[in-house]
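Index from 1, following the sequence.
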Amino acid sequence: MDQGKLEKQLELFNRTCRERRLKLTYQRQEIYRELVLSDDHPSAETLHARLKEKMTMLSLDTVYRTLALFVRAGFIQKVETIESQARFDAGEERHHHAICSQCNEIINFSCTSIDELRLPKALTSWGEIARRDLVVYGICRKCLNKQKTSAA
Ligand SMILES: [Zn+2]
Ligand SMILES: [Zn+2]
(Lines give C-alpha, C1' and ligand atoms only; values in the text may rest on other atoms or scores of the structure.)
(Ligands and ions follow the chains in the order given, each with its own letter.)
Protein backbone atom coordinates (compact mmCIF):
# COMPACT_ATOMS: atom_id res chain seq x y z
CA MET A 1 0.00 0.00 0.00
CA ASP A 2 1.41 3.41 -0.86
CA GLN A 3 2.24 5.90 1.84
CA GLY A 4 -0.25 8.55 0.73
CA LYS A 5 -3.16 6.15 0.75
CA LEU A 6 -2.16 4.80 4.16
CA GLU A 7 -1.95 8.27 5.63
CA LYS A 8 -5.32 9.23 4.20
CA GLN A 9 -6.96 6.18 5.72
CA LEU A 10 -5.31 6.77 9.11
CA GLU A 11 -6.38 10.41 9.04
CA LEU A 12 -9.97 9.43 8.36
CA PHE A 13 -9.77 6.95 11.22
CA ASN A 14 -8.46 9.59 13.62
CA ARG A 15 -11.07 12.09 12.54
CA THR A 16 -13.94 9.60 12.86
CA CYS A 17 -12.74 8.58 16.33
CA ARG A 18 -12.72 12.20 17.44
CA GLU A 19 -16.15 12.87 15.96
CA ARG A 20 -17.62 9.86 17.71
CA ARG A 21 -15.72 10.53 20.89
CA LEU A 22 -13.93 7.21 20.81
CA LYS A 23 -10.74 7.36 22.80
CA LEU A 24 -7.82 7.48 20.42
CA THR A 25 -5.15 5.58 22.29
CA TYR A 26 -1.71 4.70 20.94
CA GLN A 27 -2.66 1.02 21.05
CA ARG A 28 -5.84 1.55 19.05
CA GLN A 29 -3.96 3.56 16.44
CA GLU A 30 -1.27 0.92 16.09
CA ILE A 31 -3.76 -1.94 15.85
CA TYR A 32 -5.68 -0.11 13.15
CA ARG A 33 -2.50 0.78 11.23
CA GLU A 34 -1.27 -2.80 11.33
CA LEU A 35 -4.60 -4.03 10.01
CA VAL A 36 -4.62 -1.49 7.18
CA LEU A 37 -1.13 -2.67 6.21
CA SER A 38 -2.12 -6.36 6.27
CA ASP A 39 -3.73 -7.72 3.16
CA ASP A 40 -4.02 -11.28 4.42
CA HIS A 41 -7.04 -10.88 6.73
CA PRO A 42 -5.19 -11.68 9.95
CA SER A 43 -6.85 -13.16 13.05
CA ALA A 44 -6.60 -11.40 16.41
CA GLU A 45 -3.82 -13.83 17.34
CA THR A 46 -1.82 -13.08 14.19
CA LEU A 47 -2.19 -9.33 14.67
CA HIS A 48 -1.14 -9.63 18.26
CA ALA A 49 1.98 -11.59 17.30
CA ARG A 50 2.91 -8.92 14.72
CA LEU A 51 2.39 -6.01 17.11
CA LYS A 52 4.04 -7.63 20.09
CA GLU A 53 7.52 -6.77 18.83
CA LYS A 54 7.10 -3.04 19.16
CA MET A 55 4.40 -3.12 21.84
CA THR A 56 5.60 -5.60 24.42
CA MET A 57 2.86 -4.62 26.88
CA LEU A 58 0.02 -5.29 24.44
CA SER A 59 -2.22 -8.12 25.60
CA LEU A 60 -4.18 -10.41 23.34
CA ASP A 61 -7.28 -9.45 25.26
CA THR A 62 -6.79 -5.79 24.32
CA VAL A 63 -6.47 -6.78 20.67
CA TYR A 64 -9.73 -8.76 20.90
CA ARG A 65 -11.58 -5.92 22.57
CA THR A 66 -10.20 -3.30 20.19
CA LEU A 67 -11.13 -5.33 17.12
CA ALA A 68 -14.66 -5.83 18.45
CA LEU A 69 -14.94 -2.08 18.96
CA PHE A 70 -13.67 -1.38 15.44
CA VAL A 71 -16.21 -3.80 13.96
CA ARG A 72 -19.05 -2.12 15.87
CA ALA A 73 -17.83 1.29 14.74
CA GLY A 74 -17.71 0.09 11.13
CA PHE A 75 -13.96 0.69 10.72
CA ILE A 76 -13.18 -2.88 9.80
CA GLN A 77 -14.88 -5.99 8.49
CA LYS A 78 -15.02 -9.24 10.37
CA VAL A 79 -14.90 -12.42 8.33
CA GLU A 80 -16.36 -15.47 10.01
CA THR A 81 -14.49 -18.62 9.08
CA ILE A 82 -15.41 -22.25 9.56
CA GLU A 83 -12.68 -22.42 12.15
CA SER A 84 -13.10 -20.78 15.49
CA GLN A 85 -10.87 -17.81 14.65
CA ALA A 86 -12.51 -14.79 13.07
CA ARG A 87 -10.36 -12.82 10.62
CA PHE A 88 -10.28 -9.09 10.05
CA ASP A 89 -9.95 -6.61 7.22
CA ALA A 90 -9.59 -2.84 7.17
CA GLY A 91 -10.10 -2.49 3.42
CA GLU A 92 -11.97 0.67 2.51
CA GLU A 93 -13.98 -0.58 -0.41
CA ARG A 94 -16.87 -2.88 0.19
CA HIS A 95 -16.21 -6.42 -0.88
CA HIS A 96 -17.05 -10.05 -0.30
CA HIS A 97 -14.79 -12.94 0.64
CA ALA A 98 -13.79 -16.40 -0.48
CA ILE A 99 -12.03 -18.70 2.01
CA CYS A 100 -9.95 -21.75 1.19
CA SER A 101 -10.63 -24.54 3.66
CA GLN A 102 -7.15 -26.03 3.12
CA CYS A 103 -4.69 -23.14 3.35
CA ASN A 104 -7.16 -20.71 5.04
CA GLU A 105 -6.29 -17.97 2.58
CA ILE A 106 -8.99 -15.34 2.23
CA ILE A 107 -9.41 -13.35 -0.94
CA ASN A 108 -11.54 -10.30 -1.63
CA PHE A 109 -13.90 -9.94 -4.53
CA SER A 110 -16.49 -7.39 -5.51
CA CYS A 111 -19.78 -8.28 -7.08
CA THR A 112 -22.38 -5.66 -7.82
CA SER A 113 -25.10 -8.23 -8.51
CA ILE A 114 -24.81 -9.38 -4.89
CA ASP A 115 -24.92 -5.80 -3.66
CA GLU A 116 -28.02 -5.14 -5.75
CA LEU A 117 -29.73 -8.49 -5.21
CA ARG A 118 -33.45 -8.21 -4.49
CA LEU A 119 -33.91 -9.74 -1.10
CA PRO A 120 -36.80 -12.11 -0.43
CA LYS A 121 -39.87 -10.80 1.34
CA ALA A 122 -39.03 -12.83 4.43
CA LEU A 123 -36.07 -10.49 4.87
CA THR A 124 -37.61 -7.19 3.90
CA SER A 125 -40.50 -7.78 6.26
CA TRP A 126 -38.11 -8.99 8.92
CA GLY A 127 -36.63 -5.55 9.41
CA GLU A 128 -34.06 -3.09 8.21
CA ILE A 129 -31.01 -4.51 6.43
CA ALA A 130 -27.76 -2.79 7.33
CA ARG A 131 -25.25 -4.87 5.44
CA ARG A 132 -25.01 -7.99 3.34
CA ASP A 133 -21.82 -9.95 3.01
CA LEU A 134 -21.23 -13.06 1.04
CA VAL A 135 -18.63 -15.60 2.14
CA VAL A 136 -17.76 -18.30 -0.34
CA TYR A 137 -16.17 -21.47 1.07
CA GLY A 138 -14.14 -23.89 -0.99
CA ILE A 139 -10.66 -24.98 -2.02
CA CYS A 140 -8.44 -22.58 -3.91
CA ARG A 141 -6.72 -23.41 -7.19
CA LYS A 142 -3.29 -23.60 -5.58
CA CYS A 143 -4.45 -26.25 -3.11
CA LEU A 144 -6.37 -28.15 -5.81
CA ASN A 145 -3.22 -28.35 -7.92
CA LYS A 146 -1.22 -29.55 -4.93
CA GLN A 147 -3.78 -32.32 -4.32
CA LYS A 148 -3.57 -33.37 -7.96
CA THR A 149 0.23 -33.62 -7.90
CA SER A 150 0.28 -35.60 -4.67
CA ALA A 151 -2.41 -37.97 -5.98
CA ALA A 152 -0.47 -38.70 -9.16
ZN1 LIG B 1 -5.82 -22.94 -0.56
ZN1 LIG C 1 -11.48 -8.55 2.77
Side-chain angles (χ1 to χ4, degrees), residues 1-112 114-115 117 123 128-151:
M1 171 178 264
D2 69 85
Q3 197 62 30
K5 202 174 163 207
L6 170 67
E7 268 162 36
K8 232 179 71 189
Q9 203 172 334
L10 292 177
E11 222 179 83
L12 179 70
F13 170 75
N14 291 355
R15 196 168 64 229
T16 313
C17 281
R18 276 196 305 272
E19 281 168 6
R20 300 202 200 154
R21 300 183 190 286
L22 290 170
K23 236 194 287 164
L24 201 57
T25 61
Y26 169 69
Q27 289 190 334
R28 285 182 182 175
Q29 276 176 305
E30 286 304 308
I31 292 170
Y32 185 72
R33 172 202 289 273
E34 188 61 40
L35 197 54
V36 171
L37 289 171
S38 310
D39 54 9
D40 58 345
H41 302 83
S43 64
E45 285 78 2
T46 308
L47 265 181
H48 179 248
R50 287 179 193 167
L51 287 160
K52 196 89 180 86
E53 285 181 29
K54 58 176 170 181
M55 297 162 76
T56 46
M57 301 297 285
L58 183 70
S59 71
L60 180 58
D61 192 52
T62 301
V63 177
Y64 274 123
R65 279 185 286 113
T66 306
L67 289 172
L69 175 93
F70 286 173
V71 171
R72 280 200 304 274
F75 290 131
I76 64 173
Q77 280 194 63
K78 181 178 182 178
V79 188
E80 299 289 355
T81 66
I82 304 171
E83 304 185 351
S84 54
Q85 286 188 338
R87 307 258 297 262
F88 300 90
D89 181 352
E92 291 168 283
E93 272 119 56
R94 99 163 244 98
H95 59 263
H96 304 279
H97 293 101
I99 307 179
C100 173
S101 60
Q102 307 255 299
C103 65
N104 294 319
E105 189 184 43
I106 300 182
I107 63 145
N108 295 333
F109 68 93
S110 11
C111 181
T112 44
I114 294 169
D115 304 335
L117 184 76
L123 278 177
E128 198 180 288
I129 314 290
R131 217 164 57 104
R132 50 178 98 177
D133 294 325
L134 184 72
V135 181
V136 175
Y137 301 93
I139 302 175
C140 76
R141 187 64 54 196
K142 267 179 290 179
C143 291
L144 284 174
N145 287 341
K146 233 179 274 166
Q147 278 179 353
K148 244 186 270 164
T149 19
S150 59

Dump the intermediate steps for side-chain contact (heavy atoms from CB on, under 4.5 Å) on Phe13 and Arg33, then the final yes or no.
CA-CA 10 Å; Phe13 170 75; Arg33 172 202 289 273; over 6 Å; no
Go through it in stages, so that I can follow the logic: the residues are Thr46 and Arg87, the test is side chain to side chain donor-acceptor pair (under 3.5 Å), and I'd like the CA-CA distance, side-chain angles, deciding distance and then a yes or no.
CA-CA 9 Å; Thr46 308; Arg87 307 258 297 262; over 6 Å; no
Might you work through the side chain to side chain donor-acceptor pair (under 3.5 Å) test for Tyr64 and Glu45, ending with a clear yes or no?
CA-CA 9 Å; Tyr64 274 123; Glu45 285 78 2; 2.3 Å; yes
Set out, in order, the CA-CA distance, both residues' side-chain angles and the distance that settles side-chain contact (heavy atoms from CB on, under 4.5 Å) for Gln27 and Thr62, then state yes or no.
CA-CA 9 Å; Gln27 289 190 334; Thr62 301; 3.3 Å; yes
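In this view, Lys78 and Val71, Glu80, Ala86, Phe88 satisfy the side-chain contact (heavy atoms from CB on, under 4.5 Å) rule, not counting sequence neighbours. With sequence neighbours left out, the side-chain contact (heavy atoms from CB on, under 4.5 Å) criterion links Ile107 to Ala98, Glu105. Scanning for side-chain contact (heavy atoms from CB on, under 4.5 Å) contacts around Asp89 gives His41, Gln77, His95, His97, Asn108, with sequence neighbours left out.
With hydrogens and angles ignored, the 3.5 Å screen pairs a side-chain donor or acceptor of Thr149 with a backbone N or O of Asn145. Arg15 contributes no side-chain N or O that, together with a main-chain N or O of Leu10, makes up a donor-acceptor pair within less than 3.5 Å. Of the possible donor and acceptor atoms, one in the side chain of Arg20 sits under 3.5 Å from a partner among the backbone N and O of Ala73.
For the atom pair CZ (Phe75) and CG (Leu35), the distance works out to 12.0 Å, reported to the nearest 0.5 Å. Distance check, rounded to the nearest 0.5 Å: CD of Glu7 to CG of Leu12 gives 13.5 Å. Here the CG atom belonging to Leu60 is positioned 10.5 Å from the CZ atom belonging to Arg65, to the nearest 0.5 angstrom. Rounding to the nearest 0.5 Å gives a distance of 14.0 Å between CZ of Arg141 and NZ of Lys146.
When the shell of 6.0 Å around CD of Glu19 is examined, it contains more than 12 heavy atoms from other residues, nucleotides or ligands.
Using a 4.5 Å heavy-atom cutoff, the side chains of Thr81 and Tyr137 are not in contact. With a 4.5 Å cut-off on side-chain heavy atoms, Ser38 and Arg50 count as touching.
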